[in-house]
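A quick write-up on the structure given underneath.
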Protein chains: 2
Amino acid sequence: MSTLENNSWQNIQGELSRRIIMRVWQPGEQIPNEADLAVEFGCARTTVNRAMRELANAGLVERRRKAGTRVALNPIRKATLEISITRQEVERRGAQYSHILLERQIKRPPRLISSQMKLVDKAKLLQLKTLHLADNQPFMYEDRWVNPDAAPEILQADLSEISANEWLVQNAPFSDGDISFFAINANKKEAENLAIDEGTAIFIIERMTKMGETAITLVKLAYAPGFKMHTTI
Amino acid sequence: MSTLENNSWQNIQGELSRRIIMRVWQPGEQIPNEADLAVEFGCARTTVNRAMRELANAGLVERRRKAGTRVALNPIRKATLEISITRQEVERRGAQYSHILLERQIKRPPRLISSQMKLVDKAKLLQLKTLHLADNQPFMYEDRWVNPDAAPEILQADLSEISANEWLVQNAPFSDGDISFFAINANKKEAENLAIDEGTAIFIIERMTKMGETAITLVKLAYAPGFKMHTTI
DNA sequence: ATTGATATTATGTATGCACATAATAAATTG
DNA sequence: CAATTTATTATGTGCATACATAATATCAAT
């Protein structure tokens, strides 16, 4: 097969990844340099470079200056999860969204929380407990701590109208954060709120967002049984 | 602050995302076009384009030809999960990896499985049940179906030496697949294998990989309690 | 006014060239 | 021969230019 006149970096990326996936180029093997490939494909080196760059951050190849490019030994595939706000998540399932603010108080958090958020021990936080509903059925129970220093206006916000989740997304920009996913047996409180039996396995997402070094919010989301997080690779 | 002589697309990306995060440019707001920004930053339009492109697939801005670029209304942050092989996952935790092949048989799968893999009903599959250990403690229990049409050599492979997981990664290239994450209460079999009580909440990853339209393998990974999947955004 | 053709505009891509940078290989020096 | 310096090489980036493409705006004709 002649690969000439496959200009456009997309086509070239396609052909390159085909060769890798079909093992034309074996894992660990060095592949031709950009200049040579440019000649083969009848295009500029820049174009090959663009295609290669995409392959590199897809994890299919590893590149090092002077050393060249080689097929990744164990191509670490990356799945990407979209972190959207709960209302959208519910509406995407074709259900009607609503939420109830169950608790709202300002107090000193447990040690575990303040250390996780790297706050001084005496700092007071806003604690919010919210139940998210899909078609009036419990969908997710949210237990959130907010650092009022990082987002003072939230103390005035009416969080029964707009959920804390949504308010923060719109009003409290964050630079980075981390997320954990795990499973737990529902405790009494969680079971009560989600209207399930105590001990039922529930899916948990724990997320902390920060602005630079300052923690903005730490939240634990407990999804009702049957929830599946899905994505493609 | 003069933003002149901030060449290099990284610096420009940094400055642009700073303006977005700091709400200099509000969500939904249209931002200056590439040509104007190129003038402001004293660089070529190509360079601004590069920076913008990165912001776009980070989900911070939305771009449309002629319409221009605007700050994303609800910046959908994407978390990326690295799908690595279990041995590496265990070793990264500083534990010693081992695995036991518990069952190996060729049979017709349940309807649910064959429909999920989009196979004809009468197709036979290789079923493999593997227990993965970290420092000789149960770490994860794997229940896997492999389509021998897609990877015939696996029938000859010695899967007590190298795990099916690892064998497939190295020998059966895939083009795409999908993953689900959820929580279940351990059934009798899972409890037994993971040495836990029946009903304990366990974290499940279900993954199917395909080569084009052909399903290669469908696997259900049941992680021992305490497992947390972690990433950053 | 609605429809349809045409111009305009911002982003998207390709190219040739130049130079920067990191890593390696080769050459030189003690 | 080991250690250090100096070339060499492949990727990384920036720029000017050109043209492609998609979406919108403008204008003409019915």
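Chain identifiers are assigned alphabetically (A, B, ...) following the order of the sequence lines, protein sequences preceding nucleic acid strands; residue numbering begins at 1 within each chain.
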Touch class at under 4.0 angstrom, heavy-atom based, for B/Gln10 against every strand present: sugar-phosphate
Expected rows: protein N/O vs nucleotides 16-19 of chain C N/O, under 3.5 Å:
none

A/Thr130 side chain to A/Glu142 backbone, donor-acceptor under 3.5 Å: no
Residue-level proximity of residues 47-59 of chain A to DNA chain D when a heavy atom falls under 4.0 Å: A/Asn49
Ring centers of B/Phe182, A/Phe203 separated by less than 6.0 Å: no
Audit row: A/Thr69, A/Asn33, side chain to side chain contact (heavy atoms under 4.5 Å, CB included) steps and yes/no: CA-CA 7 Å; A/Thr69 304; A/Asn33 70 37; over 6 Å; no
Neighbour count >12 (heavy atoms, 6.0 Å) for atom NZ, A/Lys118: no
Listed pairs, N/O of protein and of nucleotides 24-27 of chain D, under 3.5 Å:
from: D/dT24; atom 1: OP1; to: B/Arg64; atom 2: NH2; distance (Å): 2.3

Ion pair check, B/Arg70 and B/Glu29, cut-off under 4.0 Å: no
Side chain to side chain donor-acceptor pair (under 3.5 Å) between A/Asn49 and A/Glu34, intermediate numbers included: CA-CA 7 Å; A/Asn49 182 277; A/Glu34 294 183 350; 2.8 Å; yes
Polar side chain donor-acceptor pair, B/Asp178 to A/Thr232, under 3.5 angstrom: no
B/Thr69 side chain near C/dA10 phosphate (N/O to OP1/OP2, under 4.0 Å): no
Net bend of the helix from C/dA1-D/dT30 to C/dG30-D/dC1, end axes of five pairs each, nearest 10 degrees: 0°
Side-chain heavy-atom pair B/Asn147, B/Thr214 within 4.5 angstrom cut-off: yes
Residue pairs passing the ring-ring contact (aromatic ring centres under 6.0 Å, His included) test where at least one lies in residues 132-158 of chain A, sequence neighbours excluded: A/Tyr97-A/His132, A/Phe139-A/Tyr223
Sorted by number, the residues of residues 24-36 of chain A with heavy-atom contact under 4.0 Å to DNA chain C: none
